[in-house]
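Note sheet for the following structure.
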Amino acid sequence: MLRVLAVDDEAPALSELSYLLREDARVGHVATAPDGVKALQDMVQMIGAGERLDGVFLDVRMPGLNGLDLARLIGGFPAPPRLVFVTAHDDCAVQAFELEAVDYLLKPVRPERLTEAVRRLSASIAAPGADEGAMDVIPVELGGRTRFIPQQAVWYAEAQGDYVRLHTADGGFLVRMSLSALERRWAGSGFIRAHRSTLVNARHVSELRFDAGRALLRVGTETLPVSRRHTRQVREQLVRQYRGGDGQ
């Protein structure tokens, strides 16, 4: 069963969150902390005592050590727990997902939405990357709005410096994330590294052909080159994908 820590500087919100977590049969232990500093101290003590911590449900806006800064510190742990943000503010979703959060919940938290977050947390621990990739969305900031791009809608991802451009039927969307981080996040979800700068969604591949000895993929409405280094791997993964060898 899951062992989690809930962190919120507002006592009523912390009480409600911890109550809902304890009501979930998949959660066996819920610890609480009233701020980021206390949460960090408690986690250090847990690690020192050899206690397991599977997930941290944390607020974003807290005095002193806020949720995003706490998440960055947690990321430096040898075996960091998964993160679920629970906040009244929707303007930090992009930063939260850059920190590889499992989920991002808006207050007031609906019980059924928290149930889904616990499911994602449990799945990410049971099979890291596989289940969460199937359900994953990437938040993108567009002129003061946050648009959520479903993983299934992405034809391919292209590295552009410190960013990745997600190509979809609706156009390209730029997110601050490395291609390697995105590849790890969507491992086991049908994405294939076709080039050092390109990650392709096999679901949208309609053709693999060879032209003058070079492999080319038809992805959505685009034709993409496959590097010689990745050609064999791409071909083998596509064969497994369409024979059901990946269990999808």
Side-chain angles (χ1 to χ4, degrees), residues 1-8 13-14 16-33 39 43 52-60 67-68 70-72 74-75 77 79-140 146-154 157 164 166 175 177 181-191 199 201 203 246-248:
M1 299 179 74
L2 296 172
R3 295 175 56 86
V4 302
L5 172 66
V7 188
D8 200 312
L14 181 59
E16 176 69 9
L17 176 59
S18 60
Y19 169 77
L20 292 175
L21 286 169
R22 290 187 178 101
E23 287 293 294
D24 194 303
R26 293 164 296 187
V27 179
H29 176 77
V30 181
T32 62
M43 281 186 278
R52 191 184 85 247
L53 182 62
D54 299 307
V56 181
F57 290 75
L58 70 162
D59 192 11
V60 172
L68 293 172
L70 175 59
R72 293 185 182 98
I74 292 172
F77 288 7
R82 306 303 199 274
L83 302 174
V84 176
F85 285 90
V86 185
T87 177
H89 306 277
D90 62 1
D91 58 346
C92 296
V94 171
Q95 296 177 71
F97 281 99
E98 286 175 354
L99 292 168
E100 300 186 6
V102 172
D103 211 340
Y104 190 93
L105 309 185
L106 291 176
K107 298 177 181 177
V109 177
R110 294 179 289 111
E112 61 273 20
R113 186 64 184 84
L114 184 61
T115 296
E116 170 61 16
V118 173
R119 186 202 67 78
R120 293 188 183 191
L121 172 62
S122 181
S124 71
I125 294 169
D131 189 81
E132 55 195 306
M135 300 291 293
D136 202 14
V137 294
I138 296 290
V140 179
T146 300
R147 178 167 177 175
F148 293 90
I149 309 299
Q151 174 254 337
Q152 298 94 326
V154 176
V164 171
L166 304 177
V175 293
M177 176 186 292
L182 185 64
E183 184 177 22
R184 289 193 301 271
R185 179 168 173 163
W186 285 348
S189 300
F191 277 76
L199 190 64
N201 188 346
R203 296 178 182 86
D246 285 342
Q248 300 184 28

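Position 1 is the first residue of the sequence, and the numbers go up from there.
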State which residue, out of Leu68, Leu70, Val86, Asp91, fulfils the side chain to side chain contact (heavy atoms under 4.5 Å, CB included) condition with Val60.
Leu68
Inter-residue atom distance Leu14.CG - Asp59.CG, 0.5 Å rounding
9.5 Å
Looking only at heavy atoms, which two atoms of Ile149 and Val154 are closest? And how far apart?
CG2-CG2, 4.0 Å
Gln152 side, atom CD; Asn201 side, atom CG - distance, nearest 0.5 Å:
8.5 Å
Non-hydrogen side-chain atoms of Leu2 and Ile125 separated by less than 4.5 Å:
yes
Begin from the C-alpha positions of Phe85 and Leu58 and carry the test side chain to side chain contact (heavy atoms under 4.5 Å, CB included) through to its verdict.
CA-CA 5 Å; Phe85 285 90; Leu58 70 162; 4.0 Å; yes
What pair of heavy atoms forms the shortest contact from Ala96 to Tyr104, and how long is it?
CB-CD1, 3.5 Å
Which value, rounded to the nearest 0.5 Å, describes the distance between Thr32 atom OG1 and Leu5 atom CG?
7.5 Å
Salt-bridge criterion met for Arg119 and Glu116 (N-O under 4.0 Å)
yes
Taking all non-hydrogen atoms of both residues into account, name the closest pair between Ser124 and Val102 and its distance.
OG-CG2, 3.9 Å
Checking Val84 against Arg120 for the side chain to side chain contact (heavy atoms under 4.5 Å, CB included) test, could you report, in this order, the C-alpha distance in whole Å, the side-chain angles of both residues, the deciding distance, and whether it holds?
CA-CA 10 Å; Val84 176; Arg120 293 188 183 191; over 6 Å; no
For Lys107 and Ala13, work out which heavy atoms get closest and say how close.
NZ-CB, 4.0 Å
Output yes when a side-chain donor or acceptor of Arg3 lies under 3.5 Å from a complementary backbone atom of Arg52, and no otherwise.
yes
Salt bridge or not for Arg26 and Asp54, using N-O below 4.0 Å?
no
Tell me if a side-chain donor or acceptor on Arg203 pairs with a main-chain N or O of Ser189 at a distance below 3.5 Å.
yes
Side chain to side chain contact (heavy atoms under 4.5 Å, CB included) assessment of Leu17 paired with Asp8
CA-CA 9 Å; Leu17 176 59; Asp8 200 312; 5.6 Å; no
Within a strict 4.5 Å, meaning less than it, do heavy atoms of the Leu83 and Glu100 side chains meet?
no
Leu182 side chain reached by Phe191 side chain, heavy atoms, under 4.5 Å
no
I'd like to know if the side chain of Arg22 reaches the main chain of Val30, judged simply by a donor and an acceptor atom lying under 3.5 Å from each other, with no hydrogens or angles considered.
yes
Side-chain heavy atoms of Asp103 within contact of Leu121, under 4.5 Å
no
Between Ile138 and Trp186, is the side chain to side chain contact (heavy atoms under 4.5 Å, CB included) condition met? List the steps.
CA-CA 11 Å; Ile138 296 290; Trp186 285 348; 3.7 Å; yes
Look at atom CZ of Phe77 and say whether more than 12 heavy atoms of other residues, nucleotides or ligands are closer to it than 6.0 Å.
yes
Of all heavy-atom pairs linking Val56 and Pro81, the shortest is CG2-CG, 3.7 Å
How far does CE of Met177 sit from CG of Leu99, to the nearest 0.5 angstrom?
9.5 Å
Is the backbone of Pro111 close enough, under 3.5 Å, to the side chain of Thr115 for a donor and an acceptor to pair up by distance?
yes
What's the spacing between Leu53 CG and Met43 CE if we round to 0.5 Å?
7.0 Å
